[in-house]
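Report on the following structure.
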Amino acid sequence: MAEATRILILGATSAIAERWARLRAARGDRLLLAARDPAKLAIVADDLRARGASEVLTAESDLGDADGAAERFSAFADRLGGVDIVLLAYGVLGDQADMQANTDHLRAMLDTNFTSAVIWSELAAGHLEQAGSGTLAVIASVAGDRGRRTNYAYGATKAGLSVYLEGLAHRFAGTPVSVLCVKPGFVDTPMTAHVAKGGPLWATPDMVAADIDRAIARRRTVIYTPWFWRLIMLIIRHLPRPIFNRLNI
Amino acid sequence: MTTRLDTSIETWGRVHRGAHQLAEPAWRDAVAEAARATAAAAGTTLAHGLGRSYGDSALNRDGGLVRTTGLDRLIAFDREGGILRAEVGLSIDALLRVTVPAGWFVPVTPGTKFVTLGGAVANDVHGKNHHVAGSVGRHVRRLALWRSDRGVVECDPEVESDLFSATIGGLGLTGIMLWVEIALHPIRSAMMQVENRRFADLDEFFALSEDSADWPYTVAWVDTIQGGEALGRGVFSRGRHAETGGLEPHRSGGPTMPINAPSLLLNRVTVGAFNRLYHANPGSAFRGRRHYDGFFYPLDRLRRWNRLYGARGFYQWQGVVPPADARTATRTLLDVITRSGEASFLAVLKNFGDRPSPGLLSFPMAGTTLALDFPNRGERTLALMAELDRVVSQAGGRLYPAKDGRIPAAAFQLGYPSWRELERLRDPLLMSDFWRRVAISDGNGG
Ligand SMILES: Cc1cc2nc3c(=O)[nH]c(=O)nc-3n(C[C@H](O)[C@H](O)[C@H](O)COP(=O)(O)OP(=O)(O)OC[C@H]3O[C@@H](n4cnc5c(N)ncnc54)[C@H](O)[C@@H]3O)c2cc1C
Ligand SMILES: NC(=O)c1ccc[n+]([C@@H]2O[C@H](COP(=O)([O-])OP(=O)(O)OC[C@H]3O[C@@H](n4cnc5c(N)ncnc54)[C@H](OP(=O)(O)O)[C@@H]3O)[C@@H](O)[C@H]2O)c1
């Protein structure tokens with residue numbers, strides 16, 4: 001039997017990350033789950049064990065705060081005995097109007113979604129480079145494809161993160177290390193609990209997880225999930241400004 | 001806890017829908033807050049699973065609703081002993097994907113895998129194996145529920161046994177279940193050994209049922225259009241888990257019914273044609289092997305098939321009559337239907353066994369059960385069902401709340417004499433449209 005894949009999930013209590021972890025657990029992989037809430041971590045870990053993961057470790061960690069990230073990352077990697085796949089999934093949506101009025105809140109969101117995320121990504125990339133192979137997958141968003149009045153603060157962090165990942169992918173092109181930027185559309189998760197669901201644009205976290213899984217296996221660098229968001233964003237990106245300005249999105 | 005106003009939730013029969021203050025907790029410890037937040041405006045709330053109940057027992061219109069489908073985790077799975085503890089929002093669909101490869105099947109399954117564990121326990125569901133396994137409540141070892149007056153309570157047949165038995169078949173009223181622990185059924189294969197046979201009338205149905213005592217799964221489909229000589233003709237199906245064939249679980253996918261069909265699609269002519277084809281179909285004399293997915297869940301192949309009945313929706317009606325009067329009462333029921341001119345597309349007949357359920361208000365009892373569905377044609381359909389109700393009440397039987405959206409209070413109370421006990425154990429924060437009608441309104445059928 002092949003050795004179990006060693007997986008590190010940063011933000012393992014995210015609904016999308018959890019669904020992907022279930023796919024991996026069913027294959028008997030080994031996982032280290034990092035997240036900030038120990039009670040949620042224990043619940044997710046029990047589920048993944050019951051589904052067949054060969055080992056599930058947990059680490060309570062405020063990932064949005066990157067202080068001492070290098071040492072913390074080494075500790076994660078040591079506990080797993082090396083990492084084959086890193087998924088970075090945590091993030092916050094923030095309230096656009098609130099962040100316009102309160103720049104402390106704006107800054108906290110920037111720290112979580114951008115600053116800390118690129119630092120963990122850089123550390124993960126360094127680890128995989130040393131190891132000689134592996135995958136870094138990071139969840140960005142279609143919101144990063146064009147700034148819109150309803151969520152440009154969040155969108156900007158995801159745009160910055162996407163460019164960072166693009167650069168990492170460039171750096172590792174032609175090597176056994178792959179870097180994947182995941183751009184989901186609307187996903188029915190706790191992050192969007194306040195929004196009325198239904199309609200063809202809404203995906204389940206299971207669908208997004210399955211897309212992430214395929215993209216990792218195929219060593220893709222950027223995916224839109226579900227796939228049709230690539231077309232939607234192509235159109236939105238190319239809308240002439242006068243038309244774009246009239247849209248209330 | 002975030003809540004939002006939702007106006008789209010409807011019963012599976014699609015006759016009732018309404019506005020609810022909705023919360024979808026993703027964690028067990030968020031259920032209390034979700035319940036209180038959704039109840040804040042109208043004073044009551046209710047757990048809601050996958051909404052596969054045809055009737056209004058999963059609705060609480062203009063009140064709160066706590067959808068449990070985000071609570072879909074396993075808590076512990078003993079792969080040697082076949083004991084599974086899982087959160088209540090786990091569907092049988094998701095459960096089987098995990099347990100079948102390990103050689104375990106659900107002990108009891110309804111005719112769709114898109115139900116949650118919580119919903120299955122709250123209706124104490126039965127399946128094709130009722131005559132050997134009883135209802136699902138017999139296989140529940142322990143459960144936890146949150147009550148607004150007591151917090152989290154764990155119960156089993158010994159500890160908090162009153163609450164345990166009231167919760168099984170308790171229609172979601174005794175508290176919001178958080179997890180359940182069930183004993184699974186061992187299997188060696190995902191395949192089923194199946195035998196289908198035609199029968200010409202009800203006597204043949206009863207003979208085949210008796211003859212099939214050593215088959216763990218039995219069910220029959222009956223034609224509800226042919227009267228006279230052919231009254232009660234149909235197809236009898238029996239099956240057992242095969243010994244070989246691998247443990248490959250079902251796959252997902254299949255088409256979804258995208259929009260409502262025109263209301264006239266399912267009428268006497270089309271259903272009659274379907275029935276003739278079904279009866280004559282070589283499949284109705286099939287003997288051989290089938291995957292469990294095709295054997296137990298044929299309707300799951302078309303997602304949202306309930307839209308076939310058009311915008312007005314349809315009613316399900318299911319009753320059970322005790323063995324003493326089973327033959328005559330069943331004949332009368334079929335006679336009433338064939339004479340009414342209302343066609344039932346799916347008419348399912350089965351003999352229940354006498355394995356008792358721990359449930360206080362459990363529907364199944366020894367005898368014969370008939371399940372029907374009728375396109376909603378307003379008064380005509382209601383009048384027909386009222387006539388069927390009378391046959392069941394006179395025979396000392398009862399009706400299945402999960403299938404209904406209109407049982408009058410009097411008929412319900414007659415069939416379920418323990419209803420007051422459930423009302424006594426009801427969590428004061430919880431309420432459903434069903435319960436408002438059958439237990440809270442003045443009780444004289446109004
Ligand atoms: C095609 C089809 C075939 C069916 N075949 C059968 C059959 O063969 N046998 C049978 O018995 N039934 C059958 N049913 C009915 C179905 O099994 C029940 O209605 C079941 O309860 C639906 O589960 P759900 O998750 O959709 O629950 P819902 O319909 O959403 O809710 C059902 C009830 O459970 C309560 N509930 C849900 N979760 C909780 C919780 N966590 N805590 C407390 N209460 C809760 C709700 O308040 C409500 O009263 C069938 C239904 C369909 C659509
Ligand atoms: N849902 C969508 O529509 C959508 C669309 C596009 C992109 N995305 C992205 O997808 C990713 C996953 O989100 P989701 O949809 O799965 O939502 P989710 O279930 O709400 O997950 C977000 C996770 O981020 C965690 N988190 C936030 N701040 C953290 C911190 N400082 N330290 C550690 N963990 C922190 C949260 O932990 P707690 O539980 O402890 O709060 C939570 O587990 C996010 O990056 C999001 O931006 C989502």
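Throughout, a chain's letter reflects where its sequence line sits, starting with A, and its residues are numbered from 1.
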Taking the six-membered ring for Trp, is the centroid-to-centroid distance between B:W305 and B:Y297 below 6.0 Å?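 No, they do not, as the ring centres are separated by 6.0 Å or more.
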Below 3.5 angstrom, are there any donor-acceptor pairs between chain B and chain A, and if so, which atoms and how far apart?
| from | atom 1 | to | atom 2 | distance (Å) |
| --- | --- | --- | --- | --- |
| B:R4 | NE | A:A193 | O | 3.2 |
| B:R4 | NE | A:V195 | O | 3.1 |
| B:D72 | O | A:R51 | NH2 | 3.4 |
| B:D72 | OD1 | A:R22 | NH2 | 2.9 |
| B:D72 | OD2 | A:R19 | NH1 | 3.1 |
| B:D72 | OD2 | A:R22 | NH1 | 3.1 |
| B:R73 | NE | A:E18 | OE2 | 2.6 |
| B:R73 | NH2 | A:E18 | OE1 | 3.2 |
| B:L74 | N | A:D47 | OD1 | 2.7 |
| B:R79 | NH2 | A:A50 | O | 2.8 |

Kindly determine whether A:F73 and A:L8 satisfy side-chain contact (heavy atoms from CB on, under 4.5 Å), including the steps that lead there. CA-CA 10 Å; A:F73 189 92; A:L8 170 62; 3.6 Å; yes
side-chain contact (heavy atoms from CB on, under 4.5 Å) between B:S53 and B:T11: does it pass, once the steps are laid out? CA-CA 6 Å; B:S53 296; B:T11 61; over 6 Å; no
Measure the spacing between CG of A:L33 and CG of A:L57 and express it to the nearest 0.5 Å.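 Here the rounded value is 8.0 Å.
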Interchain contact, A:A193 with chain B, by part (heavy-atom threshold 4.5 Å):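 Contact with chain B is through both the backbone and side chain of A:A193.
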A:A117 to A:L88 - nearest heavy-atom pair and separation: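 For A:A117 versus A:L88, the nearest heavy atoms are O-CD1, 3.6 Å.
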Nearest heavy-atom pair of B:A19 and B:L5: which atoms, and what distance?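 Closest pair (atom of B:A19, atom of B:L5, distance): CB-CD1, 4.5 Å.
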